[in-house]
Protein chains: 2
Amino acid sequence: MPTTPSTTARSKRAGSQLTPDAIIEASLRIAARGSQDAFTVRRLGEELGADPTAIYRHFRDKDELLLSVADRTLGEVLDSIPEGLDWKDRIRALAAGSLEVALKYPVVGSAMASRTTRRPHEFRVVELILGAVMEAGLTGRDAAVHYRMVGDSLLAFVGQQAAYLLFTPDVRAADESSWSREYRLVDPEQFPNITRLSAELPEVTDEQIFHIRVEALISAIETRARTLRET
Amino acid sequence: MPTTPSTTARSKRAGSQLTPDAIIEASLRIAARGSQDAFTVRRLGEELGADPTAIYRHFRDKDELLLSVADRTLGEVLDSIPEGLDWKDRIRALAAGSLEVALKYPVVGSAMASRTTRRPHEFRVVELILGAVMEAGLTGRDAAVHYRMVGDSLLAFVGQQAAYLLFTPDVRAADESSWSREYRLVDPEQFPNITRLSAELPEVTDEQIFHIRVEALISAIETRARTLRET
DNA sequence: ACACTGTTGTCAACGGTGTTGCGCTGCGAC
DNA sequence: GTCGCAGCGCAACACCGTTGACAACAGTGT
């Protein structure tokens with residue numbers, strides 16, 4: 001059950017082949033292969049050259065492993081954020097970084113969309129967002145609510161994008177074609193707005209949506225701060 | 001394979017016990033029981049008093065059934081939106097209605113967070129949102145992008161809330177307690193902002209977050225429309 | 001030097017999932 | 001009256017996460 005060789009400094013003993021770190025890294029390797037290769041316990045055992053069930057000596061269940069893997073990727077995100085940015089750019093960097101790793105490890109990103117890891121790196125992210133909204137001028141309950149808005153929104157969006165990558169190619173193709181095909185064929189009487197915009201709708205890219213959603217968060221914080229300042 | 005008795009008008013024959021509609025309604029009954037009762041094919045067969053695999057005579061696979069069920073709930077949402085609202089209140093009503101049915105049928109809401117049903121009612125939702133952003137003063141590409149912002153954001157948020165309801169009680173308890181317990185115990189040196197707000201953070205309710213996220217979307221549309229008007 | 005203890009990996013198996021192929025049945029059409 | 005065939009039940013498959021019993025082995029106390 002203990003994750004480290006417990007007491008003494010004999011941690012370098014050759015006997016223990018598998019370590020939590022090795023398992024996490026193997027998980028990331030599988031996750032990086034996207035939907036081509038499902039992230040299953042048996043597949044993980046294969047990747048480690050060990051019996052699949054050996055994993056249960058180091059993690060209580062697959063969920064705990066997933067949380068640990070997610071926390072590792074959170075670290076990647078945090079390390080990619082440069083120092084010395086103002087609050088807006090810090091949020092932008094956090095958003096961009098989160099999206100990047102979520103697309104790199106889709107299984108992880110999608111599984112974490114409505115979870116909390118309660119692990120070291122998560123506290124750093126919370127601290128970062130709180131620092132940003134407070135630097136923007138919010139305090140107390142306002143800061144708390146706006147932090148949750150930013151945190152939940154980023155998680156949801158990033159999870160949404162990641163989950164999309166996990167769909168089988170045919171599902172994804174059907175999804176994409178609907179914009180350019182089916183939406184062009186709707187009844188103009190019943191759906192005048194769709195008809196009017198049928199040319200523009202398929203042109204919208206994920207990057208545009210991502211950008212505008214992040215800016216919406218930032219401007220919500222800004223607006224609230226200005227309102228407080230004026231009263 | 002055909003979903004209707006194919007050719008002639010003999011659709012009212014008594015022989016066929018199962019119909020797509022009956023299956024969808026049974027699915028909704030199970031989904032409404034939340035996480036207490038998993039939404040599985042076998043459970044669905046039990047609910048229908050039929051063999052589980054009989055469902056495959058009416059739906060290609062579980063995913064297609066899920067899309068149909070989701071479209072049905074979309075209808076519920078649309079019917080709950082009153083006439084004669086201005087664009088802001090229409091978006092608010094759509095958001096509130098979506099959240100309501102997603103929490104009523106968590107499995108459905110969570111599964112649809114990053115999907116597109118490509119079914120009748122979905123076109124009506126798209127039309128509704130497009131109408132709102134155009135009434136706000138956006139056109140062309142601006143309208144298209146902002147529609148996607150609203151649509152994707154609502155879906156993501158509602159899916160996130162629904163997914164949370166599906167977690168086993170112990171996972172949910174661990175999640176909730178983290179705010180009131182663990183976040184109070186962090187190192188004040190390393191996490192000054194968390195420490196400063198440790199009293200306010202657990203006080204934030206889902207309703208507050210929901211409200212502020214929806215308003216952020218509305219004000220983003222408003223701001224963009226004002227910018228266009230001024231130039 | 002020895003037995004003991006606790007950790008780590010292997011193996012077989014369990015209960016659960018979605019899904020498919022085969023055979024029966026009974027209705028509607030001719 | 002007979003036939004065709006859609007609709008359903010049944011058994012089974014492949015896959016999933018997880019558990020319990022067992023073997024190998026390291027470190028420790030006597």
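Just so it is clear, the model here is predicted, and its values are computed rather than measured. A note on names: the letters A, B, ... follow the listed sequences, proteins ahead of strands, and every chain is numbered from 1.
- Within the structure, every pair that satisfies the salt bridge (charged side-chain N to carboxylate O under 4.0 Å, His left out) test and touches residues 18-30 of chain B, not counting sequence neighbours, is listed here: B:Asp21-B:Arg72, B:Glu25-B:Arg72, B:Arg29-B:Glu47.
- To the nearest angstrom, C1' of D:dT19 lies 14 Å from CD1 of A:Ile55.
- Looking at B:Arg213 and B:Ser153, their side chains never bring a donor and an acceptor atom within 3.5 Å of each other.
- Ring geometry, B:Tyr164 versus B:Phe167: the interplanar angle exceeds 60°, so the pair is classed perpendicular (tilted spans 30 to 60°).
- In this structure, A:His58 does not reach the C:dT7 phosphate: none of its side-chain N or O atoms is under 4.0 Å from OP1 or OP2.
- The CG atom of B:Leu99 sits 11.0 Å away from atom CD of B:Gln160, with the distance rounded to the nearest 0.5 Å.
- Spacing between atom CG of B:Leu48 and atom C1' of D:dG9 amounts to 14 Å, rounded to whole angstrom units.
- For the pair A:Gln17 CD and C:dT10 C1', the interatomic distance rounds to 13 Å; values are reported in whole Å.
- When rounded to the nearest whole Å, the span between CG of B:Leu44 and P of C:dG18 equals 10 Å.
- Using cut-offs of 30° and 60° for the angle between ring planes, the A:Phe210 and A:Phe157 rings count as parallel.
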Between the protein and nucleotides 19-21 of chain C, list the N/O to N/O atom pairs that are separated by less than 3.5 angstrom.
unit_1, atom_1, unit_2, atom_2, d
C:dT19, OP2, B:Tyr56, OH, 2.7
C:dT19, OP2, B:Lys62, N, 3.0
C:dT19, O5', B:Tyr56, OH, 3.3

Trace of the salt bridge (Lys or Arg N to Asp or Glu O under 4.0 Å) decision for B:Asp175 with A:Arg118: CA-CA 8 Å; B:Asp175 243 56; A:Arg118 289 187 310 287; 3.0 Å; yes
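- The CZ atom of B:Phe39 sits 18 Å away from the P atom of C:dG16 (whole-angstrom rounding).
- Between A:Leu18 atom CG and D:dA26 atom P the separation is 17 Å, expressed in whole Å.
- Backbone-only engagement by B:Ala50 is indicated by non-hydrogen atom pairs under 4.0 Å involving sugar-phosphate atoms exclusively.
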